[in-house]
Trainee: 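Input: one structure, supplied below.
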Amino acid sequence: MARHYSWASGAHPLLLACALMAALAGSIVLADGIIFHVANKCPFPVWPASAPNTGHPVLADGGFFLPPGKTKRVAAPATWNGRFWARTGCNFTTGDGAYGNGKPKGAACLTGDCEGRLACNGSIGAPPATLIEVNLHADQSKGSSYDVSLVDGYNLPVAVSTKPANGTDHKCSIAGCAKDVNAVCPLELQVTATAGGGAKTKTVVACKSACLAFGLDAFCCRGAYATPAACRGSMYSRLFKDACPAYYSYAYDTTAATASGCYAQEYVITFCPSRWGEEPDRVAQI
């Protein structure tokens, strides 16, 4: 039963204020925003980026440099909606990238590039890139949701969880991958770059989705295939699913691990995680 307070009862105004704050705490604790801990456990640098959905602000200038073994705190409003991804092989000084040849014209990064800029400032990254899609709610009764999508393709594995983990965190954790998609990517989906130092060896730096590679309605779940019944995936999406079971492998992937009804003030996004839900507590902050 709700407890009622009255100024006529003679209670001290300060006590009334404290009681009111306690009664409302469950619904307003996120009013001031949340924190994303973006961690890099890859053995190479990455350039994380984010892009807001329409009507939401840009976070951390939309992109930043993150060395191996480092974590950056990114503040966001409690109702923020948008996406995160990681760029690889970037060089914003000479424009030749970490691998030399292989970037699209005008790009500074081999994967996930946003118009050649370090600070994407809201621009969406070029596919293929592994996407973390976020929909935050300040209201505890609704909770926040997020997922990881390979609908446009893959460049790096990523894991997402709440921080600290709690008893119900299993529903709010999205695992990394069991296999390196780039290592098993079919030739027709590969994005490659030539290694620097005069070497001619090409390295697979990303793997396109079949939709991105071929543009066919059957692969993109468009036109006559724009329903879950008609669009059931393909041998290419099954390859993604085998490597990364928790991610969306195509638009109507009903087996993907969407984290929903989650409620936390801090979330962890880990690129190149070593195991399910591992938190970057022992990773240095920047």
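Because the structure is a prediction, the values reported are computed rather than measured.
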Trainee: What's the verdict on disulfide bond (SG atoms under 2.5 Å apart) for Cys262 and Cys172, showing C-alpha distance, side-chain angles and the deciding distance?
Mentor: CA-CA 6 Å; Cys262 303; Cys172 294; 2.1 Å; yes
Trainee: Do the side-chain N and O atoms of Asn155 and Thr111 include a donor-acceptor pair separated by under 3.5 angstrom?
Mentor: yes
Trainee: Going by atom types only, do Thr93 and Asn91 share a side-chain donor-acceptor pair under 3.5 Å?
Mentor: yes
Trainee: Are Trp85 and Ile269 in one and the same hydrophobic cluster, where Ile, Leu, Val, Met, Phe, Trp and Tyr link if side-chain heavy atoms are under 4.5 Å apart?
Mentor: no
Trainee: Among pairs that include at least one residue of residues 243-262, which meet salt bridge (Lys or Arg N to Asp or Glu O under 4.0 Å), considering only residues two or more places apart or in two chains?
Mentor: Lys241-Asp253
Trainee: Measuring from Asn135:CG to Thr79:OG1, what's the distance to the nearest 0.5 Å?
Mentor: 9.5 Å
Trainee: Tell me which one of Gln265, Lys163, Arg73 satisfies side chain to side chain contact (heavy atoms under 4.5 Å, CB included) with Ile35.
Mentor: Arg73
Trainee: Would you say the side chains of Ser249 and Tyr236 form a donor-acceptor pair under 3.5 Å?
Mentor: no
Trainee: Kindly assign one of parallel, tilted or perpendicular to the pair Tyr267 and Tyr146, based on the angle between their ring planes and the thresholds 30° and 60°.
Mentor: perpendicular
Trainee: When Pro48 is tested against each of Val158, Asn40, Leu66 for side chain to side chain contact (heavy atoms under 4.5 Å, CB included), which residue passes?
Mentor: Leu66
Trainee: Can you spot which of Ile132, Thr71, Leu136 makes a side chain to side chain contact (heavy atoms under 4.5 Å, CB included) with Phe36?
Mentor: Leu136
Trainee: Is there a path of hydrophobic side-chain contacts, each under 4.5 Å between heavy atoms, that joins Leu189 and Tyr154?
Mentor: no
Trainee: Taking Val38 as the starting point, is it possible to reach Leu156 by hopping between hydrophobic residues whose side chains are less than 4.5 Å apart?
Mentor: yes
Trainee: Ring-plane angle category for Phe214 and Phe219, please: parallel below 30°, perpendicular beyond 60°, tilted otherwise.
Mentor: tilted
Trainee: Applying a strict under-4.5 Å side-chain criterion to I, L, V, M, F, W and Y, I'd like to know whether Val58 and Phe84 cluster together.
Mentor: no
Trainee: Apply side-chain hydrogen bond (donor to acceptor under 3.5 Å, both in side chains) to Tyr248 and Thr258, showing your working.
Mentor: CA-CA 9 Å; Tyr248 274 86; Thr258 299; 2.8 Å; yes
Trainee: So, using salt bridge (Lys or Arg N to Asp or Glu O under 4.0 Å) as the criterion, who are the partners of Asp61 when residues are at least two apart?
Mentor: none
Trainee: Going by the angle between their ring planes, with limits at 30° and 60°, are Phe92 and Trp47 parallel, tilted or perpendicular?
Mentor: perpendicular
